[in-house]
Amino acid sequence: MYYIPRGPWTKSLLSVCRDKRSVAQVHALMILTGILGTGNNNNNNNNNLLIASYARTGDFLSARCMFDDFPHRGVMTWNALVIAYSRKGSPDEVIGLYRRMILEGIKPDSSIFTVTLKACASLLDLKTGEEIRDFAIECGYKDDVFVCSSVLNLYAKCGKMDEARRVFDGMPKKDLVSWTTMISGFVRIGGSMEAVSIYRRMQNEGMEGDGVVMVGLLQSCASLGDLKMGLSVHGYMIRREFTMDVVVQTTLIDMYVKNGLLTVASSVFKKMSYRNVVSWGALMSGFAQNGFAGEAFELLIQMQSDGFKPDMASLLSVLVACSHIGLLKLGKAVHGYIARRLEFDHVSATAMIDMYSKCGSLSSARSLFDRVNTRDMISWNAIIASYGVHGQGREALSIFLQMIETNLKPDHATFASLLSAFSHSGLVEEGLHWFNLMVTYYKIQPHEKHYVCVVDLLARAGRVEEAHELIEAMVNEPGIAVWVALLSGCRNKVNIDFGQKIANKVLQLKPDDPGIYALVSNVFAAARNWEAVASVRKLMRNSGRKKIPGCSVAEVNGRLHAFLVEDKSHPQHEKIVAMLEWLDQEMRKMGYVPNTEFVLHDLDEEVKQRMLFNHSERLAIAFALLNTGPGVRLLITKNLRVCGDCHEATKFISKIVDREIVVRDVKRFHHFKDGFCSCGDYWIFSRKRRWIRIEYKEV
DNA sequence: GTAGGGTTAG
């Protein structure tokens, strides 16, 4: 005996079914009560409901079976299935069903067109999309807001914003979604200015933005680096008591991150009542990108104790952080985790190539690169840059040539890496040759960074006049970086007067960077112009900027040990000093003479020598020697450029202790072995990098 | 219609 309910019970019952089993139970009940399958209008609707319910609960097999067996398929039946496939994210199925539907002579309605156009957009299939758009117009949906918005979205996703604008301007009626589609579309192709101007138009027409619009605006502020506008958008939302959902808040965090306000980003993050992996990831990438590796690692730990599993994006930020401080052990662990638990793609491979290279393991970087099948330009750029910082300019060039063979077109970043590789290896002719081709053949307008490389290359080869001529020939006003490159080239060459002239030029441009003051001061010191040295020091004090203290980190057994200049805080300090004294004696026997030219101050010779002795890289090397077995390769990372005297000393040390010593300074690697350095003594002056802010601590 | 991720000079 069954109790047969009266009234339209199927709809309400099916709508509460959350899984396919309960749908099947209701289905059974419908068969038993005999309300299914006779073909009148009401039953049609029941069938549609069932198909939709099966599809909604993920039972596409049953939905499809019912659909195929159902003799009276109407637009509603097609709708049920097509919308379900669209929700599932199967654009191919959506388009396939659309085509079948046309073949069976059914006229699609507005929602079918909308959903199918969306499918084309997600496949970036412009051709099919336009064909569907044409048919929609034929069916009389030319001015339908939903259809038009979908067409806008299709063009926006395909990056055709000119087309989108044409459609948009022709729309007789615009709703919030169409405005938003335009804003997001422009953001997507990097047209933040246009996005903002569309928003202004929207405001003028009396339309209020919602959360999605705010997201578009905040993204524009992020990519334009327009903090002022970002703050005003944030203020607007607060004034309007806007309910900020997790997406809006996360975008807000990203906006602050991209504008360098990590503290504000953190405080927005802390106030969030609901967070997800993306919000964690946004903040973590902020710290990683800005060189706050320790904070990024802390977030990784916190997010896990909050019950979130790090996903690909957050792990890539972790890799960036590892690259920054040279933490190979964690980088390897992340590599393993990604390989085991997540999909290994060319994006993560690129991050790992960069990580291995920056952690001193060029060979691992290369073998990873060789194993990646789908390489895009960024992967190539990463490996070229790797060879560059390791001082292997010829290998960088040979990889670059291979890249060209694959018909990938090098971009400005490729050339930045390539030219820098030449400059680290002193390949002057190659540098000039490719710089030339970059402009004439590849039609890439040289940026300042490219000039910096070439100027640096010429200046360090002693061709200062040519470098100077190149600067004079620049179309845009040369920035301070170019002059600094010229100046650092003059630093260890003979041209003292010229150097001082450039030093004064640099001072005129009011550097805001203590490293540059140090360089300028060095140039005057080399000329024994102590008066100028004193005035530079005064300028530096007045600018309120302090010289960043040198800090070196040694990796020993996967732990990082950091040393500041003149650091006496390490528990093994006495042993370290004893080691340095022993090394000093051995070095002197071999002919080492301390070169106090690299000490800025006008002091007694003996004091200067003592100061060299306490440079952070020496402390780190001595510590690493004390705590590793014979033959183990040392890896030292330094926050500034390696000092010229330490560079000399390290060559001796590598010979005395018969070890390979790898030193990563702020911009490149030095591989010391058998008394030689891979950089061919092409060491360079560089500027700050944000660094782990520590006294002494194990990371 | 909406959020975080890989390369780039000194």
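Reminder, nothing fancy here: chain letters follow the sequence lines and each chain counts from 1. All values below were derived from every heavy atom in this structure, side-chain atoms included, with hydrogens, water molecules and symmetry-related copies excluded.
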If the condition is side chain to side chain contact (heavy atoms under 4.5 Å, CB included), which residues does F400(A) pass it with, not counting sequence neighbours?
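With neighbours one apart ignored, the set is I384(A), L397(A), I404(A), P410(A), T414(A), F415(A), L418(A), W434(A).
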Any side-chain N or O of [X] below 4.0 angstrom from OP1/OP2 of [N]?
| X | N | value |
| --- | --- | --- |
| K449(A) | dT7(B) | no |
| K358(A) | dT8(B) | yes |
| H424(A) | dA9(B) | no |
| N381(A) | dT8(B) | no |
| K258(A) | dG5(B) | yes |
| S423(A) | dG10(B) | yes |

Under 4.0 Å between any heavy atoms, over every strand shown, what does [X] touch: base, sugar-phosphate, or nothing? Just pick one.
| X | result |
| --- | --- |
| A481(A) | base |
| D411(A) | nothing |
| A413(A) | base |
| H447(A) | nothing |
| S379(A) | base |
| Q219(A) | sugar-phosphate |
| H346(A) | base |

Specify the separation, in whole Å, of atom [atom1] of [X] and atom [atom2] of [N].
| X | N | atom1 | atom2 | answer |
| --- | --- | --- | --- | --- |
| L218(A) | dT2(B) | CG | P | 15 Å |
| M355(A) | dG6(B) | CE | P | 15 Å |
| W280(A) | dA3(B) | CH2 | P | 22 Å |

Are side-chain N/O atoms of N153(A) and T181(A) paired as donor and acceptor at under 3.5 Å?
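No pair is found: no donor N or O on one side chain lies under 3.5 Å from an acceptor on the other.
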Any salt bridge linking D370(A) with R366(A)? Criterion: basic side-chain nitrogen under 4.0 Å from a carboxylate oxygen.
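Yes, this pair counts.
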R460(A) side chain vs G426(A) backbone, donor-acceptor pair below 3.5 Å
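No, R460(A) side chain to G426(A) backbone: no donor-acceptor pair under 3.5 Å.
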Return yes if some donor-acceptor pair links the side-chain N/O of S357(A) with the main-chain N/O of I353(A) below 3.5 Å, else return no.
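No, because the side chain of S357(A) does not come within donor-acceptor range (under 3.5 Å) of the backbone of I353(A).
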Any residue of residues 263-273 of chain A with a heavy atom less than 4.0 Å from an atom of DNA chain B
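When residues 263-273 of chain A is checked for heavy atoms under 4.0 Å from DNA chain B, there are no hits whatsoever.
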Close side-chain approach of V248(A) and V212(A), heavy atoms under 4.5 Å
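No; the side chains remain at least 4.5 Å from each other.
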Could you list the donor-acceptor pairs under 3.5 angstrom formed between side-chain atoms of residues 184-192 of chain A and any protein atom two or more places apart in sequence or on another chain?
unit_1  : atom_1 : unit_2  : atom_2 : d
S184(A) : OG     : T180(A) : O      : 2.9
S192(A) : OG     : S223(A) : OG     : 2.7

